[in-house]
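Report on the following structure.
These numbers come from the heavy atoms of this one structure, side chains and all, not from hydrogens, waters or symmetry mates. This structure is a prediction, so every number in the text was calculated from the model and none was measured. Just so it is clear: chains get the letters A, B, ... in the order the sequence lines come, proteins before strands, and each one is counted from 1.
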Amino acid sequence: MSGKTASIDENSSAAELNQPQRYSPAEIEPKWQALWDADASLYAAEGHDSGKPKYYCLEMLPYPSGKLHMGHVRNYAIGDALARHMWMRGFNVLHPMGWDAFGLPAENAALKNGVPPREWTLSNIAAMRKQMQRMGYSYDWATEVTTCLPDYYRWNQWFFLKMFEKGLAYRKKSKVNWCPDCQTVLANEQVIGGRCWRHEDTVVEQRDLTQWFLRITKYADELLDGLEKLQGWPEKVRTMQRNWIGRSEGAHVDFAVVSSQGSDATPLKITVFTTRVDTIFGATSVQLAPEHAVSKAFALEDDALRVQIEELLEQQKKARETDALGAIEKHGVFTGRFAVNPFNGERVPIWVANYILADYGTGAIMSVPAHDERDFEFAQKYGLPVRRVIAPVVDTKSAAGSDANDLVLPYLAEKEAVLIDSGEWTGLGCVAAQEEMAAFAKAKGFGTPTVTYRLKDWGVSRQRYWGTPIPMVYCDKCSPGEPLPVAESELPILLPEQIDITQTNGSPLGRVPEFVNAKCPKCGGVARRETDTMDTFVDSSWYFYRYTDAKNSAAPFDSDKANYWFPIDQYIGGVEHAILHLIYSRFWTKVMRDLGLVKNDEPAERLFTQGMVIKDGAKMSKSKGNVVSPDLMIERYGADATRMYSLFAAPPDRDLEWQEEGVAGISRFLSKVYRLTMKFSSVARAKGVATGPKDQALLRRLHQTIAKITQDFDGRWHFNTSISSIMILVNEITANEAAMDAGEVSPAAVAEVFRGLILMLAPFAPFFAAEMWEQLGGEGVVFRTAWPVVDEELAREAEAEIPVQVNGKLVTVVKVPVGSDEATVKAAALADPKVIARIEGKMVVKVIVVPGKLVNLVVK
RNA sequence: GCCCGGAUGGUGAAAUCGGCAGACACAGCGGACUUAAAAUCCGCAGGGAGCAAUCCCAUGGGGGUUCAAGUCCCCCUCCGGGCACCA
């Protein structure tokens with residue numbers, strides 16, 4: 001007891017005696033930050049000749065809103081812990097950061113405050129970079145990428161030209177979201193519940209517009225098949241991408257249109273897409289989308305029909321706008337016309353229906369009510385015939401007739417079914433029939449096997465100002481209607497900076513004559529520049545390659561450098577990017593590979609998606625008023641405690657409930673470590689061999705902790721348990737404090753424990769670790785010091801505590817030497833007085849001994 | 001409707017391969033130090049019964065497999081996310 005008060009002895013300096021120092025992040029953190037900010041080499045990646053294995057650790061780049069939020073803090077705390085850990089494990093680490101700096105908020109801010117987008121964006125970047133530095137993230141700022149600067153976006157333009165050359169960029173007319181109030185096109189993300197994000201009361205319309213597209217569908221199969229190889233990606237993300245690509249195998253079949261009068265066949269035909277061509281003998285109608293060319297043709301001939309079709313189209317549009325397509329009530333109208341089923345020559349009625357989508361498949365289907373739920377519902381409503389053409393294998397065997405008719409329709413066969421009433425294909429299995437009938441259609445010239453995708457080509461045109469100008473021009477003289485690519489040497493096509501974007505109608509760039517007027521690359525005459533800009537997802541599709549060679553002015557990057565660093569070893573970000581960004585960037589990588597720029601097929605080997613930061617049960621957001629500012633946390637508890645809490649409160653893949661008391665707890669923990677480290681800092685400088693009588697418990701706990709944390713980094717990343725094991729180590733130190741004061745722990749052991757402790761804290765609390773490392777007299781930079789290595793011998797417990805159960809209920813715990821064999825453990829269990837009392841007078845039926853785990857006695 | 005997550009004390013969570021449920025924290029309670037408070041340190045703590053030894057109940061609910069289930073199997077409820085007439 002007296003040891004505690006007398007503990008400040010000859011090891012402590014006078015200064016410590018007079019004014020015991022307390023943990024003060026407000027002093028420690030700025031001190032180290034200043035040193036780190038001034039040293040560009042600190043986090044610089046080395047070249048391929050470093051002699052070390054490379055490790056590319058990447059976090060998703062943020063949009064520079066101007067403020068770091070807790071989601072960022074958590075995302076980057078994970079990446080930073082990993083990067084620092086890998087440095088300590090001897091890797092050559094690339095850990096970059098950049099800015100996804102184009103996009104509408106900048107234009108919005110300009111409208112609201114009159115600040116030019118560029119100025120607004122760059123000042124936001126400066127503010128956020130400062131916050132990141134204050135957080136102590138280990139980014140190599142020499143490789144910083146800012147997508148809104150010409151030295152970056154010129155390569156977007158360069159890629160666009162390459163894609164145009166290869167036929168991967170093309171123009172076509174397509175539907176876009178149009179806000180009649182803004183007089184401009186909106187991206188899908190800006191349509192909320194069918195309404196404009198800026199005008200809550202304005203319903204967004206669909207308009208036809210000529211747009212630029214990138215041919216991502218060319219890679220649809222490769223993007224799909226590649227998912228199998230991405231074992232380091234979360235299954236959830238792979239499933240989402242699989243669904244998004246939506247590959248479906250089927251067939252196109254042509255139905256010739258006949259007039260309602262009968263015999264005079266017209267050249268009109270309807271091509272339907274079906275995945276179940278084997279059910280075609282059950283087709284009792286053909287259904288068209290309201291916008292199908294044939295629907296339109298019929299509408300022209302029949303005013304009454306036209307009105308009805310327009311109504312169907314209205315219903316569909318409305319449903320689409322309110323995101324309720326799935327809930328639309330099925331309506332349809334008979335056109336009075338018929339089509340011929342090419343397989344049996346039968347005439348079936350042609351209908352137009354509101355549930356048929358013009359932009360999937362061919363916009364026309366054959367309706368088989370007996371074997372499709374939707375067709376069945378429609379047929380029931382309009383009294384169309386239902387004709388069964390497939391049956392389960394069992395019920396054909398049990399002979400024809402009644403059992404078969406008991407079957408509930410629609411019958412949706414999987415594989416075990418055969419065709420009935422299907423002409424020459426009757427009796428064939430469904431799977432075989434699908435193949436044979438598609439092949440038959442092809443041979444006869446009225447169809448073909450087809451693969452359809454849900455994935456569509458990527459529309460990249462945006463009628464906005466703050467984005468990459470599309471490097472194309474139009475010359476009425478030498479290529480009317482056909483766009484011409486600008487010469488590579490003309491790049492970058494600069495975004496004009498003095499621009500009035502307060503007007504909202506049309507493309508802002510179209511109102512800048514200096515921009516629009518261009519020289520035709522072919523004839524040298526007057527030409528018009530394309531005034532659309534690129535989707536910002538273009539920027540983020542390849543930014544991580546630019547990090548490997550950020551200053552290159554002759555190419556997007558040097559292939560050797562990219563090939564050294566790629567693929568990304570670990571990509572970390574939010575699951576909200578599971579589809580768009582992560583599929584576009586996979587596509588871009590494949591295009592670059594085919595251009596010979598890189599060798600890898602996929603950008604990232606492993607992907608980690610962290611959970612959201614929650615407060616009071618809801619996602620932090622301005623509208624909910626539950627935002628916790630990182631700045632405030634830093635002010636109160638410091639950056640180290642803030643980051644460490646974000647790793648401690650939950651496993652990184654789970655949602656995290658922000659509780660300020662928890663941050664305070666981490667801060668208290670760091671204070672405790674600070675006090676102990678300062679107190680023993682002189683002792684802990686000792687070198688030599690550990691020989692003290694009380695060394696063992698401490699060293700054992702140290703090595704158990706090393707083993708645990710090393711394992712966490714290599715495996716599950718459950719840093720919450722890593723940090724808790726460090727706390728256990730510190731508790732062990734506290735429990736041994738008196739022994740340490742009394743000199744019962746050798747200085748060498750004290751040194752080993754404290755050095756190990758601080759090294760293990762370095763990935764989680766870098767400022768703190770740097771300060772403590774200095775206090776311990778550690779040499780060099782703490783997070784470049786080798787990660788401690790486990791000594792299995794020291795980590796091992798001398799005795800094992802083996803729980804003993806009787807009939808599965810815990811009775812006692814016996815101590816046996818570690819590694820005891822079954823007989824020893826059993827003997828120890830049976831010798832225990834509590835066990836003896838419990839089994840007295842009963843028969844031991846069975847003894848289960850799991851060495852090192854437990855003993856269970858089954859008694860009667 | 002379909003596909004993924006998830007549900008464990010007052011709270012965040014732990015239990016990684018079927019083997020002592022609640023580690024580590026937060027909040028709480030009791031104590032020490034202090035004139036006092038803060039800070040710090042020590043201790044208690046799933047629920048219920050009992051003076052106690054001890055017993056009973058407990059991982060969203062119900063069944064099952066097993067010597068043994070938070071963990072595996074079947075059914076159900078609730079919460080979160082994604083997709084949704086994709087032919």
Side-chain angles (χ1 to χ4, degrees), chain A residues 1 4-5 20 22 234-237 239-240 242-244 246-248 250 272-276 279 287 289 316 319 323-330 353-357 359-368 372-375 377-378 452-454 575-576 578-579 611-612 614 617-619 645 648-651 653-666 668-669 671-672 675 708 711-712 715-716 718 720-728 730-731 734 737 801-813 845-850 852-859:
Chain A
M1 269 191 214
K4 234 174 278 166
T5 44
R22 291 181 50 194
E235 186 54 47
K236 182 191 168 104
V237 172
T239 305
M240 283 167 80
R242 220 170 270 133
N243 294 340
W244 186 263
R247 182 188 155 100
S248 105
V272 303
F273 173 70
T274 176
T275 57
R276 295 302 303 270
T279 63
Q287 304 281 341
Q316 194 175 71
D323 252 3
L325 204 59
I328 191 174
E329 201 193 328
K330 290 181 179 54
N354 63 355
Y355 72 99
I356 306 300
L357 308 169
D359 53 4
Y360 182 77
T362 58
I365 65 155
M366 62 180 201
S367 176
V368 184
D372 183 285
E373 280 171 329
R374 297 152 300 174
D375 295 347
E377 189 191 330
F378 192 85
T452 299
Y453 301 89
R454 211 190 79 107
V575 73
E576 65 272 20
I579 296 175
M612 287 187 301
I614 301 283
K619 186 181 175 172
Y645 172 74
F648 176 69
D653 50 341
R654 285 248 287 264
D655 286 351
L656 179 154
E657 169 76 30
W658 195 268
Q659 288 178 322
E660 191 170 334
E661 297 82 10
V663 191
I666 295 289
R668 269 202 295 276
F669 166 74
S671 300
K672 198 164 151 184
R675 182 186 68 81
K708 159 76 182 150
Q711 196 187 349
D712 280 337
R716 298 193 307 168
H718 279 202
N720 53 330
T721 63
S722 309
I723 292 167
S724 104
S725 72
I726 296 177
M727 290 171 170
I728 294 171
V730 172
N731 290 344
T734 312
E737 195 176 345
E801 296 192 338
I802 306 293
V804 182
Q805 301 177 332
V806 172
N807 288 340
K809 276 190 180 169
L810 183 72
V811 171
T812 189
V813 176
V845 182
K846 201 173 174 186
V847 181
I848 290 125
V849 180
V850 186
K853 290 276 187 184
L854 65 36
V855 177
N856 190 9
L857 305 168
V858 186
V859 302

Whole-Å P distance, C24(B) and A14(B): 14 Å
Below 4.0 Å: OP1/OP2 of A87(B) and any side-chain N or O of Ser248(A): yes
Sugar-phosphate only, base, or nothing, as touched by Glu235(A) at under 4.0 Å among non-hydrogen atoms: nothing
Under 4.0 Å protein heavy-atom contact, by nucleotide of nucleotides 44-49 of chain B - B base, S sugar-phosphate only: ------
Whole-angstrom distance between G9(B) and G46(B), as gauged at atom P: 13 Å
Presence of Arg22(A) side-chain N/O under 4.0 Å of A38(B) phosphate oxygens OP1/OP2: no
Partner set under salt bridge (charged side-chain N to carboxylate O under 4.0 Å, His left out) for Glu377(A), not counting sequence neighbours: Lys330(A)
Give me the distances for all protein-to-nucleotides 3-9 of chain B N/O pairs that come in under 3.5 Å?
none

Asn354(A) to Glu329(A) - nearest heavy-atom pair and separation: ND2-O, 2.9 Å
C1' spacing across the pair A15(B) / G80(B), given as an integer number of angstrom: 24 Å
Under 4.0 Å protein heavy-atom contacts per nucleotide of nucleotides 21-31 of chain B, with B for base, S for backbone only and - for none: --BBSSS----
Contiguous Watson-Crick or G-U pair runs (3 or more, under 3.5 Å) in RNA chain B: B:1-7 with B:77-83, B:10-12 with B:24-26, B:28-32 with B:40-44, B:46-49 with B:54-57, B:60-64 with B:72-76
Of Pro651(A) and Val575(A), the one whose closest RNA chain B nucleotide lies more 5': Pro651(A)
side-chain contact (heavy atoms from CB on, under 4.5 Å) partners of Thr721(A), counting only residues at least two apart: Lys708(A), Asp712(A), His718(A)
